Amino acid sequence: MFERFRGKERKIVAGIKFTAIVDEYIKSVISLAKRTDMSLKFTHVVEQWTSASVIYPGEYISSGIAKAAEEQRTKEATNELQKTLKPYLSKGEFETSVHVGRPGEALKSDALISRASLIVCGVKPVSYRFVPRGFSTAIELMTESSIPVLVIPEGKFYDFNGEKFTVLVCDDLSQTSADVLSTAGELSGAFRNVTLHHLHIHKESKEQLLTWANQVFEMMITRDLEYDFEIDKHSIVSNTEKAIHKKMDKRLEIPQSFLNLNNVSYTQEVRFGDVFDELTQSIKSLNPDLIVFGRHHFLHKHPVSIGKVPFYAMLNLNIPIMIVSNIGHLK
């Protein structure tokens, strides 16, 4: 138990595209595998052509031509993959594979067959602004994969082997994100020497809570209601914060001994107010290397299926993000 992200028997399946900025992504993924001592597999997916594929308006390719083209493109992709990864062979061993089909489906299938503990995908954050329905590979993986998905922004090297490493866990304390803290804790244990920062943002600000308390207090006086307790309207904020911390404590299912053994420092923070503003402020003060979110569960591949806050983070924050599903994890 608690070994999901550690050791050679554990595997990372990383999707790879042939782009001008792929080098930084490759180095980031290799750095991640080295930090966790996990085996690594790079997978490229060739888009599948069918007899229904359109060449020109009103013209379709035959199944025979589609199959021949598919074989040729697979061969070319295999050669390109070996060429792209050749400069990094000295940095460690890794597997490679080329599949034909839809990128999201192929990566999920490959990860399940390989019994991977983590799927990694590169993404350009700005591209999401032009995909309103969210049918990109990253969105598909993050909304449908039962295996945790790590999205790394392309074009920049992220060193997962730094001496100081901070994992920020954004927990809404809902049932759909029940596994987010334990999964982040296991990943932190694999990293070792990590600060695991557990954050919950209460959507009502302290001012709103005080306004609500004032309204209740005035209503009781106006209606001359009897009560056998002393009302302290100013304690509403502190009591709310204590209740939230109590819920956060219950989330920490990983024993303290596991955290101590792997030198993981666990901290908690509760913020009040606008979720997006408070998340931004917390990130500015904490400067995390990785952010972990839970995932909503809907039946369509749309950004809202991930959650508005994780989607906001992908659009606006140049930080690796991991999405955790609370169902079907490979233990």
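In this text, all values refer to a predicted model and were calculated from it rather than measured experimentally.
- Between Ile26 and Lys91, every side-chain heavy-atom pair lies at or beyond the 4.5 Å cut-off.
- Under the 3.5 Å distance criterion, with hydrogens and angles disregarded, no donor-acceptor pair is assigned to the side chains of Ser39 and Glu95.
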**Request:** Kindly determine whether Tyr266 and Leu181 satisfy side chain to side chain contact (heavy atoms under 4.5 Å, CB included), including the steps that lead there.
**Result:** CA-CA 11 Å; Tyr266 173 74; Leu181 181 61; 4.0 Å; yes
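- Thr183 places no side-chain N or O within 3.5 Å of a backbone atom of Val180 that could act as its donor or acceptor partner.
- Two residues are said to be in side-chain contact when any heavy atoms from C-beta on lie closer than 4.5 Å; Ile16 and Leu85 meet this criterion.
- Hydrophobic clustering (side-chain heavy atoms under 4.5 Å, transitive across Ile, Leu, Val, Met, Phe, Trp, Tyr) groups Leu89 together with Tyr25.
- The minimum heavy-atom distance linking Asn262 with Gly189 is given by the pair OD1-O, 3.4 Å.
- Counting all heavy atoms, side chain and backbone alike, Gly122 lies closest to Glu154 at C-OE2, 3.6 Å.
- The side-chain contact (heavy atoms from CB on, under 4.5 Å) test applied to Lys75 returns Asn79, not counting sequence neighbours.
- A salt bridge is absent between Glu76 and Arg73; no separation between the charged side-chain nitrogens and carboxylate oxygens falls under 4.0 Å.
- Remark: the backbone N or O of Lys27 is not paired with any side-chain donor or acceptor of Ser31 at under 3.5 angstrom.
- No side-chain donor-acceptor contact under 3.5 Å links Arg10 to the backbone of Asp37.
- In this structure, Ser146 and Leu112 approach most closely via the heavy-atom pair OG-CD2, 4.3 Å.
- With a 4.5 Å cut-off on side-chain heavy atoms, Asp172 and Cys170 do not count as touching.
- A heavy-atom distance below 4.5 Å is found between the side chains of Glu241 and Phe272.
- Note: Ser325 OG to Ile147 CD1 = 10.5 Å, rounded to the nearest 0.5 Å.
- Here Ile291 contributes atom CD1 and His197 contributes atom NE2; the two are 11.5 Å apart, rounded to the nearest 0.5 Å.
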**Request:** Report the C-alpha distance between Glu144 and Glu105 in whole Å, list the side-chain angles of each, state the deciding distance to 0.1 Å, and finish with yes or no for side chain to side chain contact (heavy atoms under 4.5 Å, CB included).
**Result:** CA-CA 9 Å; Glu144 295 188 347; Glu105 290 291 339; 3.8 Å; yes
**Message:** Does Leu118 form a side chain to side chain contact (heavy atoms under 4.5 Å, CB included) with Leu32? I'd like the steps, not just the answer.
**Reply:** CA-CA 11 Å; Leu118 183 66; Leu32 172 64; 4.0 Å; yes
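- Annotation: side chain of Val270 is in contact with side chain of Met248 (closest heavy-atom distance under 4.5 Å).
- Among residue pairs with one or both ends in residues 138-158, none qualify as ring-ring contact (aromatic ring centres under 6.0 Å, His included); sequence neighbours excluded.
- A distance-only check finds no donor-acceptor pair linking the side chain of Ser145 to the backbone of Met142 [under 3.5 Å].
- For Glu80, there are no side-chain hydrogen bond (donor to acceptor under 3.5 Å, both in side chains) partners, not counting sequence neighbours.
- A 4.5 Å side-chain heavy-atom check between Val29 and Phe94 finds every atom pair outside the cut-off.
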**Trace of the side chain to side chain contact (heavy atoms under 4.5 Å, CB included) decision for Val194 with Arg35** = CA-CA 12 Å; Val194 169; Arg35 179 70 179 256; 4.0 Å; yes
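- Phe276 and Ile321 fall within a single hydrophobic cluster, where Ile, Leu, Val, Met, Phe, Trp and Tyr are joined by side-chain heavy atoms under 4.5 Å apart, directly or via other members.
- Residues Ala77 and Val46 share a closest heavy-atom pair of CB-CG2, 3.7 Å.
- Under the 4.5 Å side-chain criterion, counting only non-hydrogen atoms from C-beta, Val292 is in contact with Met322.
- With sequence neighbours excluded, the residues forming a salt bridge (Lys or Arg N to Asp or Glu O under 4.0 Å) with Asp171 are Arg251, listed by chain and number.
- To the nearest 0.5 Å, atoms OG1 (Thr84) and CG (Asp23) are separated by 8.0 Å.
- Within the 3.5 Å criterion, the main-chain N or O of Ala116 finds no donor-acceptor partner in the side chain of Ser114.
- Atoms OG1 and CG, on Thr195 and Leu168 in that order, are 11.5 Å from each other to the nearest 0.5 Å.
- Looking at Gln268 and Asp249, their side chains come closer than 4.5 Å, going by heavy atoms from C-beta outward.
- If you take CZ on Phe160 and NZ on Lys34, they are separated by 14.0 Å, rounding to the nearest 0.5 Å.
- Evaluation of the side-chain contact (heavy atoms from CB on, under 4.5 Å) rule for Ala33 yields Ile12, Leu40 as partners, not counting sequence neighbours.
- The line from CG of Leu187 to OG1 of Thr36 is 7.5 Å long, rounded to the nearest 0.5 Å.
- No donor-acceptor distance shorter than 3.5 angstrom exists from the side chain of Ser282 to the backbone of Glu278, with no hydrogens or angles considered.
- Applying the ring-ring contact (aromatic ring centres under 6.0 Å, His included) rule to His44 yields the partners Phe18; only residues at least two apart in sequence or on another chain are considered.
- Heavy-atom minimum distance, Ser97 versus Lys41: OG-CE, 3.3 Å.
- Scanning all heavy atoms of the two residues, the minimum distance from Val13 to Ala111 falls at CG2-CA, 3.9 Å.
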